[in-house]
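Please read these numbers as outputs of a predicted model, since none were measured by experiment. Throughout, protein chains are lettered first and strands after them, A, B, ... in sequence-line order, and every chain is numbered starting at 1.
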Number of protein chains: 2
Amino acid sequence: MNTSTDLLIGEFSRTLDDRFRLSLPPELTGPLTASGSRMVLAKERAGCLSLWPAAIWKPRIDAAVDVVRSKLQAGLLTQRVGQLQDLGRLLSTRHKAVTLAERGRLVVPEGFREFLAVEPGADLLVVGAAVCVELWQPAAWTAFVTAEMPEFRRRIDELTT
Amino acid sequence: MNTSTDLLIGEFSRTLDDRFRLSLPPELTGPLTASGSRMVLAKERAGCLSLWPAAIWKPRIDAAVDVVRSKLQAGLLTQRVGQLQDLGRLLSTRHKAVTLAERGRLVVPEGFREFLAVEPGADLLVVGAAVCVELWQPAAWTAFVTAEMPEFRRRIDELTT
DNA sequence: ATTCGCTTTGGGTAAGAAACCCACAAAAAA
DNA sequence: TTTTTTGTGGGTTTCTTACCCAAAGCGAAT
């Protein structure tokens, strides 16, 4: 059994079935589901979806939303309704709650398929990103790797010094 | 049951029926109708209609109109009759009272169909925008999301600080 | 005022999607 | 080789959605 302090690391190739189902490797689902099978799927960067444990994602976003909600209730945002609308709209489309089915299987919901630009039957890369798991469109993944790999040494130095 | 302080959040795909009726998802109608089923449908931006609880929309617009009316009465607008005319015209067409039928069903009224540029049977996106629900033409929605998503962080900071 | 016709509204139902469950096959471990 | 674990496919059931039809409301015209 894994604890929640384990980093999610590893790169795996998977294929979407015709119902947009994807099974995650046990090496990642173990640590991921340590705090329950409720997850959040988020559009954070192009060609990639991030899968976060709800226990980590929700508190982060809820804190911000709570501030907004209490301001709204206090009447502090009546001059900024337009901004509030804009934010609400982005919140609506940016992330969605999902749950892992048996055998670590995930359904990529409508709206996220188009974002990833994948067809049923497409190949994906499932990549551990330390604190979350990411689903990458293959072309976007190779582009990321070639662009960022030279920075590896600098990045590790940044975080270890 | 929901309170009026809940933010309206969520993205759903729906299709207009042949009589321009649209059924809203229960996740949104619940909070929306917390203060009654009287709504206002408004043209706020191109390719999109906003649906507001009348309890929120009416006070806001009435307050503004009252200011204009008293200014007019005080003779402060005699130099700006043209502007006033323009405003009156927009007030006439910008919003319209509607009521949700049973099953959260809404009729998109004449005059608003053309604004959305939709045919009967068209697909729409129903999006929560924190304080109201919006009906988006699909092309306009994807344009908005791609343009505004990079601003997400900035927008949340604006409203929480 | 009454009747006829059209438009609008409500509800039943069928088609479709999603969740759940199981089974088989391939791969890894014993 | 045998056994267990894991990935993939498919079947079934249940719920939602949208289409269609019937009834009611409204307006007009005789």
Side-chain angles (χ1 to χ4, degrees), chain A residues 1-2 8-34 36-41 49 51 54 96-116 118-128 133 135-136 138, chain B residues 10-33 36-39 41 51 96-114 116 118-128 133 135-138:
Chain A
M1 185 55 63
N2 283 286
L8 294 156
I9 298 296
E11 182 190 9
F12 307 85
S13 174
R14 286 296 127 96
T15 69
L16 272 183
D17 73 9
D18 54 350
R19 295 190 219 170
F20 292 97
R21 293 181 297 183
L22 178 72
S23 63
L24 306 179
E27 290 89 337
L28 295 177
T29 53
L32 245 197
T33 58
S37 66
R38 302 173 64 84
M39 303 282 148
V40 172
L41 196 62
L49 295 176
L51 183 68
K96 173 160 189 174
V98 296
T99 66
L100 289 193
E102 86 314 337
R103 226 169 273 277
R105 194 141 61 162
L106 169 77
V107 179
V108 179
E110 165 107 87
F112 292 76
R113 304 165 188 173
E114 300 76 5
F115 182 82
L116 256 192
V118 289
E119 305 282 308
D123 281 343
L124 288 183
L125 284 142
V126 181
V127 181
V133 169
L135 317 178
W136 284 82
Chain B
E11 183 189 13
F12 308 86
S13 174
R14 284 296 128 97
T15 69
L16 276 181
D17 79 7
D18 51 344
R19 305 258 163 83
F20 292 97
R21 291 185 296 183
L22 179 71
S23 63
L24 304 179
E27 291 89 335
L28 295 177
T29 53
L32 243 198
T33 58
S37 66
R38 301 172 65 83
M39 304 281 148
L41 195 63
L51 183 68
K96 174 160 192 176
V98 295
T99 66
L100 288 194
E102 77 332 325
R103 285 203 237 178
R105 198 145 57 163
L106 169 77
V107 180
V108 178
E110 167 102 306
F112 291 76
R113 304 164 188 172
E114 301 74 9
L116 256 193
V118 288
E119 306 282 309
D123 280 345
L124 289 183
L125 284 143
V126 181
V127 182
V133 168
L135 317 178
W136 284 81
Q137 185 197 354

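When side chains are defined from C-beta on, A:Leu135 counts as touching A:Leu106, because their heavy atoms get closer than 4.5 Å. Inter-residue side-chain proximity for B:Leu51 and B:Leu28 is flagged as unmet; no heavy-atom pair is nearer than 4.5 Å. Taking 4.5 Å as the limit, every side-chain heavy atom of B:Arg19 sits out of range of all side-chain heavy atoms of B:Val107. For the pair B:Val133 and B:Val127, the minimum side-chain heavy-atom distance is 4.5 Å or more.
Remark: the A:Arg21 side chain and the D:dG7 base include no donor-acceptor N/O pair separated by less than 3.5 Å. Judged by atom type and distance alone, B:Arg19 does not reach the base of C:dG10 through any side-chain donor-acceptor pair under 3.5 Å.
Rounded to an integer number of Å, the gap from CZ of A:Phe20 to C1' of C:dA18 is 14 Å. Summarising the geometry, the separation between CG on A:Leu22 and P on D:dT6 is reported as 16 Å, rounded to the nearest angstrom. We find that CG of B:Asp17 is positioned 12 Å from P of C:dT9, with the value rounded to whole Å. In this entry the distance linking CD of A:Glu27 with P of C:dA28 reads 11 Å, nearest Å. The nearest whole Å value for the distance from the CG atom in A:Leu24 to the P atom in D:dG7 is 9 Å.
Annotation for A:Arg113: atom CZ counts as buried by contact number, over 12 foreign heavy atoms lying within 6.0 Å. Residue B:Glu119 qualifies as open at atom CD: its count of foreign heavy atoms under 6.0 Å is 12 or below.
Contact annotation: B:Ser23 does not reach the phosphate of D:dT17 (side-chain N/O to OP1 or OP2, under 4.0 Å).
The stretch residues 96-109 of chain B touches DNA chain C through B:Ala101, B:Glu102, B:Arg103, B:Arg105, B:Val107, each having a heavy atom within less than 4.0 Å of the strand.
Within the nucleic acid shown, B:Arg14 comes within 4.0 Å of sugar-phosphate atoms alone, with no base atom in reach, counting heavy atoms only.
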